[in-house]
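To start, the structure under review is shown below, and the notes come after it.
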Amino acid sequence: MNTLATYRPHFDSLPDLQSKVKKLTELRDQDGYMAEYQATEDGFLLIENHCPICKAAQRCETLCQSELNVFQALVGNDISVRRDEHIVQGARRCVYTFNNKV
């Protein structure tokens with residue numbers, strides 16, 4: 001089963017962005033990403049302090065784009081999702097920002 005199909009049932013009844021990012025953080029943490037989330041002035045950060053697929057992602061960066069696509073699908077098109085830090089590109093962690101689109 002793919003990540004989107006595995007995660008999707010957990011999001012059906014979540015009412016807002018905070019609950020969605022919190023649930024995504026829990027799921028990513030269970031999958032070995034040492035994940036945490038933080039509130040910002042206008043949204044939330046998902047911080048992944050470890051990447052269990054880093055070696056594979058270095059060889060195939062479409063894996064990382066797939067993660068962004070999954071996150072976007074889970075929170076909805078009215079939310080902007082972007083990666084601000086990226087382990088594959090030399091950062092010490094991956095950081096994703098989730099904001100309401102204006």
Side-chain angles (χ1 to χ4, degrees):
M1 190 180 277
N2 68 38
T3 303
L4 181 58
T6 301
Y7 288 6
R8 171 79 69 203
H10 298 276
F11 287 78
D12 291 339
S13 63
L14 298 179
D16 57 26
L17 180 57
Q18 181 175 6
S19 61
K20 290 176 182 181
V21 174
K22 184 177 179 185
K23 177 52 72 176
L24 183 57
T25 301
E26 292 169 6
L27 294 168
R28 299 299 280 177
D29 195 56
Q30 291 170 10
D31 286 345
Y33 289 85
M34 297 174 57
E36 59 186 282
Y37 85 101
Q38 295 175 2
T40 65
E41 277 188 26
D42 57 349
F44 298 91
L45 300 178
L46 166 62
I47 301 164
E48 296 179 341
N49 293 294
H50 176 72
C51 181
I53 63 163
C54 190
K55 289 290 184 193
Q58 288 172 337
R59 289 180 171 45
C60 180
E61 283 200 39
T62 58
L63 289 174
C64 296
Q65 183 58 48
S66 294
E67 285 181 335
L68 274 174
N69 295 344
V70 166
F71 297 169
Q72 187 69 65
L74 292 170
V75 298
N77 290 328
D78 57 335
I79 303 297
S80 169
V81 181
R82 72 173 188 268
R83 184 185 303 111
D84 295 322
E85 296 179 38
H86 196 194
I87 292 172
V88 171
Q89 295 182 350
R92 72 168 190 85
R93 62 192 188 169
C94 288
V95 177
Y96 301 87
T97 300
F98 295 78
N99 301 99
N100 289 309
K101 289 183 178 175
V102 180

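In this text, all values refer to a predicted model and were calculated from it rather than measured experimentally.
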Query - Asn99: which of Asp42, Val81, Ile79 passes side chain to side chain contact (heavy atoms under 4.5 Å, CB included) - result: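 For Asn99, the side chain to side chain contact (heavy atoms under 4.5 Å, CB included) check succeeds only for Asp42.
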Taking the side chain from [X] and the backbone from [Y], do they hold a donor-acceptor pair closer than 3.5 Å?
X	Y	value
Asp29	Ala35	yes
Lys101	Asn77	yes
Gln65	Asn69	no

Query raised in the report: Where does the angle between the aromatic ring planes of Phe98 and Phe71 fall among parallel (under 30°), tilted (30 to 60°) and perpendicular (over 60°)?
Result: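 Ring orientation, 0 to 90° scale: tilted.
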Query - Distance (rounded to the nearest 0.5 Å) between Ile53 CD1 and Ile87 CD1 - result: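 If I round to the nearest 0.5 Å, the distance is 9.5 Å.
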Query raised in the report: Hey, is Glu48 close enough to Arg93 for a salt bridge, meaning N to O under 4.0 Å?
Result: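 Not counted as a salt bridge, because no side-chain N and carboxylate O are separated by less than 4.0 Å.
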Query raised in the report: Is it true that Lys22 and Glu36 have a side-chain N and a carboxylate O under 4.0 angstrom from each other?
Result: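 No salt bridge links Lys22 with Glu36.
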**Report entry** Leu45 versus Val21, closest heavy-atom pair with distance
**Finding:**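 Taking Leu45 first and Val21 second, the nearest heavy atoms are O-CG1, 4.3 Å.
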**Report entry** Minimum heavy-atom distance between Tyr96 and Glu67, given as atom pair plus value
**Finding:**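 Closest approach of Tyr96 to Glu67, heavy atoms only: OH-OE1, 3.1 Å.
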Query raised in the report: Centre of Tyr33's six-membered ring, under 6.0 Å away, within 45 degrees of the axis: is that where NZ or CZ of Arg28 sits?
Result: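 Verdict for Tyr33: a cation-pi partner in Arg28.
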Query raised in the report: Taking atom types as modelled, is there a side-chain donor on Asp31 or Tyr7 under 3.5 Å from an acceptor on the other?
Result: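 Per modelled atom types, Asp31 and Tyr7 side chains form a pair under 3.5 Å.
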Query raised in the report: For residues Asp16 and Ser19, is any side-chain donor paired with an opposing acceptor at under 3.5 Å?
Result: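 On atom types as modelled, these side chains qualify, holding a pair under 3.5 Å.
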